[in-house]
Amino acid sequence: MSLAKIPHTQVKIQDQFWSPRQRTNAEKAVPHQFKMMEDHGNGRNLRRVIQGVRTGFEGFWFADSDMYKVIEGISSTLHHFPNEEYLDEMNVWIDEIGKAQDSDGYINTFYQIKKPDKKWTNLRHDHEMYCLGHMIEAAVHHAQITGKQNFLNIALKVAEMLNTLFGPDGEVGYCGHPECELALMDLCEFTGDSKWRVLAERMLMNRGSHLFAREEGIPDDQYDGTYALDDVPLVDHQTIKGHAVRAAYLFSGAADLARTGEAPGVLPMLERCWQNLMERRIFLTGGIGPSHDNEGFTVDYDLPTFSAYQETCASISLAMWGYRMMLLTGESHYMDAAERALYNAVLSGVGLDGISYYYDNPLASDGTHRRQPWFDCACCPPNILRTIGRLGQYAYAEDKDSLIVNLYIPGEVATKQSSWRAEGEMPWGGKMKYTLLETQGGLAAMKFRVPEWAGAVTLTKDGTSVTTEPNELGYIVVQGPYQVGTVIDLKFEMPIRQVTAHPAAKELTCATAFQRGPLVYAFEEIDQPIPIEESLVLLLADATAVWEPETLGGCIVLKVSGVKSPRPAESQLYRPVADTASVELKAIPYALCANRANSPMRVWMPSLPGR
Ligand code: FUB
Ligand code: ZN
């Protein structure tokens, strides 16, 4: 049973957790990212192309994609925080993009400046379709938000060119870095033109034909296409592997394909890979991809802490994929993972200032891992800009006659059938209240996701208890009738959960971590009475949740019982177990780490049996 999207344009976020982030996005990140695009040469690259200059290209070969993502991020942000000046500034870029576009629709400033006669000769490495995919995604979004066609027309010209080259009458072609597939699916949904689905399907289904081996003259028996998921045909993937962002973007496009029509074998493949990821490869924080070497997956249970790579884009791609799996299947558990990523590994990608970013997000640090204003490889900052801008899209979905609540975020939602106000404490407390503001008729039921983190659940409709036993898809179903003023009160117990990992996750042996609601917690040395290296927590620790208005903009911290294990002398590699003394340790939400002075940090703490 597939569901329909409710775009973020129909969702207002008004809470204490995400609203400040969206505002900072608008007030700080947008001007910062405009500036970064000029400081780092993305704007100059466009102007070089317009002026016919063939030297001086700046940045990575896929730098164009950053500008497209920035446009997408700014468009989404402007919807919630209108700003004429930024709109004008963005339109200047769009004009320039139009001017830099060749008459056949081609645009890629790296190729246009550096090797105009070599277009499409290195699909494996050079990201031409990846960049264009980001353009299409951004242009669709820009058109949705502004109602303007200017960027969309440029993107449609691109899509027509891609169709001529790689569509049903063209060559077999797909990009080393997936992205174009999901973008074409967006374009199909927005324009209603199935031609774009057919093109996406060709890119998806031809993948695995070892195109990149042929491109580089590598004999088939010596070719390892794993990194770019060109090893086997799409439907034959058994596990999640390769480069993390590539994998989750590819599977996002595949999920959209399966949701919108025939796609034999695709759903079982997605379910297999998802299961492998959830059972053996995802970090506690919802991030994916442990290894720096391939920016991706390695083997089952490889879940390091200090060296956890967890690229911000990878966590975003996991949220995108989980969201699409929920839309495709109607099953709520996919949003457990998307929520886990969004509240932890994704949000950790940006500082509270909105203008400092993590590329990789380790789960332990010696205190020197700090967010940066930008990167040479700048994929993550604009990705987080657009993700926070569009966050509302993850909160709801709908089927023919029901509204489905996936994320519990105070604010408002308006659909064709009804408008609701959501009030409550999330993510700090588990109470939510939904009030029906308007109804146009046709709403038969409200469906509420039962989050994996929830303890006991209670629900009343206009004061009358309703069963909270979830249906087979994981939702509590609250049947109508609905009149304006109907109130649904929902309460999820939000226990502190202390967790250990599967013993096969060797790096997490004898370690323990804490979660409350959707948030994973971490211990920063700055909050502890003793050095973090001397801190251990008890298994079955006493832990209490305390609201601290002065900490990190206001957050719930956890006070946890631990013990001090004094640091040995430098000469003492091994030593007898020392006396221990009780201490109270303090944990803050992982996503808020590294916003104060440099401080060593741990999500997973060494633990001792307690009581
Ligand atoms: O290749 C484009 C982006 O740059 C990838 O998604 C990231 O992992 C980074 O390598
Ligand atoms: Zn990135």
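The residues of the chain are indexed from 1 along the displayed sequence. One-based numbering, in listed order, for ligands and for the atoms of each.
A 4.5 Å side-chain heavy-atom check between Val520 and Val603 finds at least one atom pair inside the cut-off. Between Tyr106 and Trp120 there is a side-chain heavy-atom pair separated by less than 4.5 Å. At a threshold of 4.5 Å between non-hydrogen side-chain atoms, the residues Ile71 and Ile97 count as touching. Counting heavy atoms from C-beta outward, Arg246 and Leu250 have side chains that stay 4.5 Å or more apart. The shortest distance between side-chain heavy atoms of Gln112 and Asp102 falls below 4.5 Å.
By the salt bridge (charged side-chain N to carboxylate O under 4.0 Å, His left out) test, Asp39 is found to be paired with Lys35, residues two or more places apart in sequence or in another chain being considered. Residues passing the salt bridge (charged side-chain N to carboxylate O under 4.0 Å, His left out) test with Arg390 are Glu72, sequence neighbours excluded.
Counting heavy atoms of neighbouring residues, nucleotides and ligands inside a 6.0 Å radius, atom CD of Glu171 does not exceed 12 of them.
Ligand 1 lies under 4.0 Å from heavy atoms of Phe62, His127, Tyr130, His177, His243, Val245, Glu295, Glu311, Tyr359, Cys377, Cys379.
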Practice prompt. Check step by step if side chain to side chain donor-acceptor pair (under 3.5 Å) holds for His125 and His177.
Written response: CA-CA 8 Å; His125 181 264; His177 196 312; over 6 Å; no

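Protein N/O/S atoms closer than 2.8 Å to the Zn ion (ligand 2): Glu311 OE2, Cys313 SG, Cys379 SG, Cys380 SG.
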